[in-house]
Amino acid sequence: MEDEVDRLVAAWRRERPDLDVEPLEVLSRVSRLARHLDRARRLAFSEVGLEPWEFDVLTALRRAGAPYQLSPGALLTQTLVTSGTMTNRIDRLAKKELVERLPDPSDRRGVLVRLTAKGRDKADESLAGLLTQERAILAELSRQQRHELAGLLRRLTGPFDNVPG
């Protein structure tokens, strides 16, 4: 079965036989898959009235476990945004009553961000929708193929994820 990347690679091999275009066979597919995944995620989140960034913050809090709270700094680490962006996001989520700010008992000047019951419901509902979309994307692969692909991708992304920040 030929796909768009096969056609792209064949064209480059014809036009630039002096170059080894083999990386395109993998990474162009990863790039295309990322675009499809982004669309699927946006669809899953829009069905519950969330933006992707809202999902990121709410699910970071949900994964923290009861009482579903983190410091803004911990949220920064998990979502990879600036402190100004995080402050804005927390403000917007608080306005929607999805999170609340609480004083940090271990730091008089600090705050904790806690998921509200409404926020927890949104996080759970959006995750379920996302998993439905992602299962559909992976439907062509067997359980064993998904396991092998996960291992290969882990090996490929590991050096990037383990770089000291």
Between the side chain of Thr116 and the main-chain N/O of Leu98, is any donor-acceptor distance below 3.5 Å? yes
Decide yes or no for Arg114 and Val99: does some side-chain heavy atom of the first lie under 4.5 Å from some side-chain heavy atom of the second? no
Please tell me whether Arg63 and Gln78 have a donor and an acceptor in their side chains that are separated by less than 3.5 angstrom. yes
Please say which of Arg92, Lys96, Lys122, Arg89 ends up in a side chain to side chain donor-acceptor pair (under 3.5 Å) with Glu54. Lys96
Same cluster for Leu115 and Leu112 if Ile/Leu/Val/Met/Phe/Trp/Tyr side chains link at under 4.5 Å? no
For the side chain of Thr87 and the backbone of Ser83, is there at least one donor-acceptor N/O pair under 3.5 Å apart? yes
Are Val111 and Leu93 connected, step by step, through hydrophobic side chains (Ile, Leu, Val, Met, Phe, Trp, Tyr) whose heavy atoms are closer than 4.5 Å? no
Between the CG atom in Leu76 and the OG atom in Ser71, the distance rounded to the nearest 0.5 Å is 8.0 Å
Using a cut-off of 6.0 Å, state whether more than 12 heavy atoms not belonging to Gln145 lie near its atom CD. yes
Could you work out the complete set of other residues in the hydrophobic cluster of Leu138, with links drawn between I, L, V, M, F, W and Y side chains under 4.5 Å apart? Leu141, Leu149, Leu153
Within a strict 4.5 Å, meaning less than it, do heavy atoms of the Ser28 and Val9 side chains meet? no
Cluster overlap Ile90 with Leu58, hydrophobic side-chain contacts below 4.5 Å: yes
Could you check Arg42, Arg35, Arg41 and say which one makes a side chain to side chain donor-acceptor pair (under 3.5 Å) with Asp38? Arg42
List the atom of Met86, the atom of Val81, and the distance in Å for their closest heavy-atom pair. CE-CG2, 3.6 Å
Between Glu4 and Arg32, is there a side-chain N and carboxylate O pair less than 4.0 Å apart? no
On a heavy-atom basis, the closest approach of Phe55 and Ser126 is CD1-OG, 3.2 Å
Between Asp3 and Arg29, does at least one N-O distance fall below 4.0 Å, as a salt bridge requires? yes
Under a plain distance cut-off of 3.5 Å, with no hydrogens placed, do Tyr68 and Arg62 share a side-chain donor-acceptor pair? yes
pair Ile137-Leu33: side-chain heavy atoms closer than 4.5 Å: yes
How close do Asp91 and Arg101 get, counting heavy atoms only, and between which atoms? OD1-NH2, 2.6 Å
Should we say atom CZ of Arg7 is surrounded by more than 12 heavy atoms from elsewhere, each under 6.0 Å from it? yes
Minimal heavy-atom distance between Arg13 and Val21, with the atoms involved, is CG-CG2, 3.5 Å
Does a side-chain heavy-atom distance below 4.5 Å link Leu19 with Trp12? no
Do you see a donor-acceptor pair shorter than 3.5 Å between the side chains of Thr85 and Thr82? yes
Which atoms form the tightest heavy-atom contact between Leu24 and Leu8, and what is the distance? CD1-CD2, 3.9 Å
Is Glu2 atom CD crowded by more than 12 heavy atoms from other residues, nucleotides or ligands, each under 6.0 Å away? yes
